[in-house]
S.K.: 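Just dropping this structure here.
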Amino acid sequence: MATAKTYDPELLRAEKRRRANLKRLKGLGLHALLITLLGIMLYPVIWMVFSALRPEAEIFGDMGFIPTNWTLENFQRGWQLYGNLTFTQFYINSFVLCALSIVGNLLACSMAAYAFARLEFRGKWILFAIMLGTMMLPIHVQLIPQYIFFLNIGWVNTILPLVVPKFLAHDAFFIFLMVQFMRTLPAELEQAAVVDGASYWQRYWRIILPLSMPALATTAVFTFINTYNDFFSQLIYLTDTNRMTVPVALRLFLDPSGGASSFGGLFAMVLVSIGPVLGFFLASQRLLTKGIATQGFK
């Protein structure tokens with residue numbers, strides 16, 4: 001006759017403690033690894049912050065990580081740049097460009113998306129495929145033809161080449177984003193509006209557009225970030241110093257001929273330039289997450 005197994009309660013408690021300690025050690029090891037990786041990734045940023053707060057002569061002369069002499073002179077000297085030209089003008093240029101780009105993308109891309117998502121017309125799918133195909137073209141392929149065109153019509157050294165295409169539904173990615181969102185909206189809402197005699201414009205403006213706020217918010221956030229951080233296009237078309245934006249103006253601190261470069265002012269203004277992007281992203285994070293994750297109405 002088989003005898004029932006007996007377990008020692010002390011051994012069971014010791015085994016539970018051993019497993020709990022092992023689990024705790026694994027958790028501590030994982031956190032230590034993640035903190036180490038985070039420190040490695042943030043090291044350049046932290047070094048830049050400390051470099052902006054130390055005198056110009058000590059940036060590359062002092063091998064210490066933390067400054068021995070703290071100063072805010074780099075921020076003052078960097079903001080004043082030279083003569084009567086200050087970073088205030090560059091920020092105004094950037095914000096004007098970003099505001100116009102956001103308005104252009106919201107209006108033009110939403111109207112194009114409404115046509116692709118809710119209307120029926122000849123060649124709709126062919127045009128939609130062509131629109132998606134433009135997303136695969138590198139900017140370098142389009143650069144020379146576009147520059148020659150804008151040069152011939154006298155738009156170089158103005159913000160027009162950077163703004164006007166936004167009002168012509170130039171960004172296919174945002175059109176595709178809004179198309180996918182508008183397709184999830186209930187068709188019954190538009191059908192009811194048709195019964196009431198609403199036109200295409202009234203259905204777009206009073207029904208579809210208000211319901212597409214998450215997609216519009218996502219478009220606005222990405223348009224601001226992309227436009228504010230755009231260095232290449234703004235460098236090509238904006239040649240006058242008074243019309244430069246913040247990313248382009250940062251290169252003025254460096255002397256390409258190998259002369260004296262103001263690295264202290266550069267690091268200080270880089271820190272200041274991060275503020276608008278970070279603030280805009282944090283302020284709209286909820287709408288951004290909702291715009292990406294939402295699937296519309298079921």
Side-chain angles (χ1 to χ4, degrees), residues 75-109 111-112 131 134-135 137-175 219-277 279-280:
F75 290 89
Q76 181 180 1
R77 186 173 62 251
W79 191 272
Q80 292 296 328
L81 202 57
Y82 60 86
N84 296 325
L85 189 62
T86 66
F87 251 76
T88 304
Q89 182 63 45
F90 302 138
Y91 271 101
I92 293 175
N93 296 340
S94 289
F95 289 146
V96 169
L97 179 59
C98 290
L100 293 176
S101 298
I102 291 174
V103 173
N105 269 347
L106 291 181
L107 290 177
C109 292
M111 287 190 286
M131 184 270 296
T134 61
M135 297 172 61
L137 288 176
I139 187 175
H140 308 88
V141 176
Q142 313 169 41
L143 178 62
I144 295 178
Q146 286 181 352
Y147 183 84
I148 294 175
F149 173 75
F150 290 133
L151 180 65
N152 290 334
I153 62 177
W155 282 10
V156 174
N157 198 27
T158 68
I159 66 172
L160 295 178
L162 304 172
V163 171
V164 173
K166 307 294 184 182
F167 285 87
L168 300 176
H170 175 263
D171 291 324
F173 171 77
F174 297 124
I175 299 176
T219 300
V221 173
F222 278 112
T223 299
F224 176 83
I225 295 176
N226 294 340
T227 304
Y228 185 84
N229 291 331
D230 183 17
F231 173 79
F232 185 71
S233 298
Q234 297 169 13
L235 176 66
I236 295 297
Y237 292 111
L238 302 177
T239 57
D240 190 354
T241 306
N242 292 324
R243 296 179 180 177
M244 287 182 178
T245 55
V246 172
V248 182
L250 289 174
R251 72 185 184 95
L252 297 177
F253 291 99
L254 303 177
D255 189 352
S257 63
S261 299
S262 178
F263 288 101
L266 173 63
F267 295 149
M269 290 302 98
V270 167
L271 288 179
V272 175
S273 66
I274 295 175
V277 176
F280 193 85

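Throughout, residue positions are numbered sequentially from 1 according to the sequence presented.
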S.K.: For I144, is the CD1 atom crowded, meaning more than 12 foreign heavy atoms sit under 6.0 Å from it?
M.R.: no

S.K.: Aromatic rings F150 and W155: how do their planes relate, parallel, tilted or perpendicular, breaks at 30° and 60°?
M.R.: parallel

S.K.: So how far is it from L100 CG to T223 OG1, rounded to the nearest 0.5 Å?
M.R.: 12.5 Å

S.K.: Looking only at heavy atoms, which two atoms of F75 and M269 are closest? And how far apart?
M.R.: O-CE, 3.6 Å

S.K.: Distance check, rounded to the nearest 0.5 Å: R243 atom CZ versus I159 atom CD1?
M.R.: 9.0 Å

S.K.: With the side chain counted from C-beta on, respond yes when P161 and F149 share a heavy-atom pair under 4.5 Å apart, and no when they do not.
M.R.: no

S.K.: Once the angle between the rings of F232 and H140 is folded into 0 to 90°, is it parallel (under 30°), tilted (30 to 60°) or perpendicular (over 60°)?
M.R.: tilted

S.K.: Can you say whether the rings of F87 and F253 are parallel (under 30°), tilted (30 to 60°) or perpendicular (over 60°)?
M.R.: parallel

S.K.: Apply side chain to side chain contact (heavy atoms under 4.5 Å, CB included) to the pair I139 and S233, showing each step before the final yes or no.
M.R.: CA-CA 9 Å; I139 187 175; S233 298; 3.7 Å; yes

S.K.: Does Y228 reach the side chain of F280, with side-chain heavy atoms less than 4.5 Å apart?
M.R.: no

S.K.: Under 4.5 Å between any side-chain heavy atoms of L106 and C109, yes or no?
M.R.: no

S.K.: So F90 and S273, do their side chains get closer than 4.5 Å, heavy atoms only?
M.R.: no

S.K.: Run the side-chain hydrogen bond (donor to acceptor under 3.5 Å, both in side chains) check on T239 and N157 step by step: do they pass?
M.R.: CA-CA 5 Å; T239 57; N157 198 27; 3.1 Å; yes

S.K.: Of the non-hydrogen atoms in L162 and Q234, which two are nearest, and what is the gap between them?
M.R.: CD1-CG, 3.8 Å

S.K.: Looking at every heavy atom in both A112 and A169, which two are closest together, and how far apart are they?
M.R.: CB-CB, 4.2 Å

S.K.: N93 versus Q89: any side-chain heavy-atom pair under 4.5 Å?
M.R.: yes

S.K.: Do you know the tightest heavy-atom contact between L250 and L266?
M.R.: O-CD1, 3.4 Å

S.K.: Quick one: pull up CG in N226 and CG in D171 and give me the separation to the nearest 0.5 Å.
M.R.: 8.0 Å

S.K.: Under 4.5 Å between any side-chain heavy atoms of W79 and V272, yes or no?
M.R.: yes

S.K.: Enter the distance from I92:CD1 to L97:CG here, rounded to the nearest 0.5 Å.
M.R.: 13.5 Å

S.K.: What are the two closest heavy atoms between Q80 and T86, and how far apart are they?
M.R.: OE1-CG2, 3.6 Å

S.K.: Closest approach of A172 and M135, non-hydrogen atoms and distance?
M.R.: CB-CG, 3.4 Å

S.K.: How many angstroms lie between atom CD1 of I102 and atom CZ of F95, to the nearest 0.5 angstrom?
M.R.: 10.5 Å

S.K.: Going from CD1 on I153 to CD1 on I148, what distance comes out if it is rounded to the nearest 0.5 angstrom?
M.R.: 12.5 Å

S.K.: Check the surroundings of atom CD in Q76: do more than 12 heavy atoms from other residues, nucleotides or ligands lie under 6.0 Å from it?
M.R.: no

S.K.: Between V248 and L238, is any pair of side-chain heavy atoms under 4.5 Å apart?
M.R.: no

S.K.: Are Y237 and L160 close enough that some pair of their side-chain heavy atoms sits under 4.5 Å apart?
M.R.: no

